[in-house]
Amino acid sequence: GAGVSQSPRYKVAKRGQDVALRCDPISGHVSLFWYQQALGQGPEFLTYFQNEAQLDKSGLPSDRFFAERPEGSVSTLKIQRTQQEDSAVYLCASSLWGVAGGETQYFGPGTRLLVL
Amino acid sequence: KQEVTQIPAALSVPEGENLVLNCSFTDSAIYNLQWFRQDPGKGLTSLLLIQSSQREQTSGRLNASLDKSSGRSTLYIAASQPGDSATYLCAGMFDRGSTLGRLYFGRGTQLTVWP
């Protein structure tokens with residue numbers, strides 16, 4: 001079956017623009033995660049959804065970052081008034097059940113955001 | 001804050017060598033540990049997942065071990081091939097209540113296997 005997909009794959013934004021990044025998890029997966037990966041670094045956690053509920057958003061770096069998953073499937077990560085330090089690869093991952101199962105997280109290809 | 005460290009940062013070996021990648025973590029409340037592979041411009045591919053109750057997992061030429069008492073995990077790659085060239089990331093999940101679920105990643109080991 002299809003894996004996790006993300007769009008767009010690449011996004012160039014001018015500083016101050018708003019951007020929206022989309023994630024389509026594996027069908028039926030309950031848990032959805034967003035991570036941010038800066039160049040040369042490992043991914044860092046941003047936020048986690050179980051179905052449509054956002055259970056952990058403590059990793060979001062500022063109030064300019066907002067994520068939603070209104071119907072418990074597709075998720076959107078929105079960044080308002082982008083700044084150069086937001087340039088990174090944004091990775092989405094999903095897993096079949098809630099986190100207590102400690103299952104494998106399956107990652108999408110990421111969206112590479114460049115803020116000029 | 002949980003810290004996950006990987007050494008070496010980069011490794012270059014000739015084809016056919018057996019090699020070991022190291023990962024260490026500071027929090028003893030490890031829930032599971034996962035090894036990923038990342039190819040340039042691509043997402044992460046899960047290689048092996050070790051639950052805290054397990055000591056090792058094997059898949060083909062890959063073997064990963066977990067030692068909770070010392071806070072270490074190793075990924076062993078047997079008979080390396082040029083196609084193994086990639087960045088290898090380890091990630092820990094820690095049982096700290098509300099943060100369960102998030103993965104804490106190391107910075108990765110960039111592996112090059114030359115023919």
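Note that these values count all heavy atoms, side chains included, but never hydrogens, waters or copies made by symmetry. This one's a predicted model, so the numbers in the text were calculated from it and none came from an experiment. The chains referred to below are lettered A, B, ... by the order of the sequence lines, with proteins before strands, and numbering in each begins at 1.
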Open item on the list: Quick one: does any side-chain atom of A:Gln105 pair with a main-chain N or O of B:Gly101 as donor and acceptor, under 3.5 Å?
Closed with: yes
TODO: Return yes when atom CZ of A:Arg64 has more than 12 non-hydrogen atoms of other residues, nucleotides or ligands closer than 6.0 Å, and no otherwise.
DONE: yes
TODO: Flag yes if B:Leu33 and B:Phe94 sit in one hydrophobic cluster, no otherwise; membership is Ile, Leu, Val, Met, Phe, Trp, Tyr, and two members link when side-chain heavy atoms are under 4.5 Å apart.
DONE: yes
Open item on the list: As an exercise: rank B:Gly43, B:Ala9, B:Ser46 by heavy-atom pairs under 4.5 Å with chain A and give me the winner.
Closed with: B:Gly43
Open item on the list: Could you check whether atom CG of A:Leu39 has more than 12 heavy atoms from other residues, nucleotides or ligands sitting under 6.0 Å from it?
Closed with: no
TODO: Starting at OG1 of A:Thr104, measure out to CG of B:Leu48 and round the result to the nearest 0.5 Å.
DONE: 9.0 Å
Open item on the list: Given heavy-atom pairs under 4.5 angstrom as the criterion, report whether the side chain, backbone, both or neither of B:Leu49 touches chain A.
Closed with: side chain
TODO: Look up atom CZ in B:Arg102 and atom CG in A:Leu46, then write down how far apart they are to the nearest 0.5 Å.
DONE: 9.5 Å
Open item on the list: Tell me whether A:Arg15 at atom CZ has more than 12 heavy atoms from other residues, nucleotides or ligands lying less than 6.0 Å away.
Closed with: no
Task: Straight-line distance of A:Phe107 CZ to B:Leu89 CG, nearest 0.5 Å - done: 9.0 Å
TODO: Go through the atoms of A:Tyr35 and report whether side chain, backbone, both or neither lie under 4.5 Å from a heavy atom of chain B.
DONE: side chain
Open item on the list: Among A:Gly110, A:Cys92, A:Ala93, A:Ser58, which residue has the highest count of heavy-atom pairs closer than 4.5 Å to chain B?
Closed with: A:Ser58
Task: Proximal component of A:Gln37, with respect to chain B [non-hydrogen, under 4.5 Å] - done: side chain
- [ ] Verify the cluster assignment for A:Phe65 and A:Phe49: are they in a single hydrophobic cluster under the rule of side-chain heavy atoms below 4.5 Å apart?
- [x] yes
Open item on the list: A quick test of your reading: do over 12 heavy atoms of other residues, nucleotides or ligands sit less than 6.0 Å from CD of A:Glu85?
Closed with: yes
- [ ] Determine, using the 4.5 Å side-chain heavy-atom cutoff (strictly less than), whether A:Trp34 and A:Leu60 are members of one ILVMFWY cluster.
- [x] yes
Task: Residue part contacting chain A, namely of B:Gln38, when any heavy atom lies under 4.5 Å - done: side chain
Task: Top contributor to chain B contacts, counting heavy-atom pairs under 4.5 Å, from A:Pro109, A:Gly108, A:Pro43 - done: A:Pro43
Open item on the list: Do B:Val13 and B:Leu62 land in one hydrophobic cluster if side-chain heavy atoms of ILVMFWY residues count as linked below 4.5 Å?
Closed with: yes
Open item on the list: For A:Phe45 together with B:Phe105, are the ring centres under 6.0 Å from each other?
Closed with: no
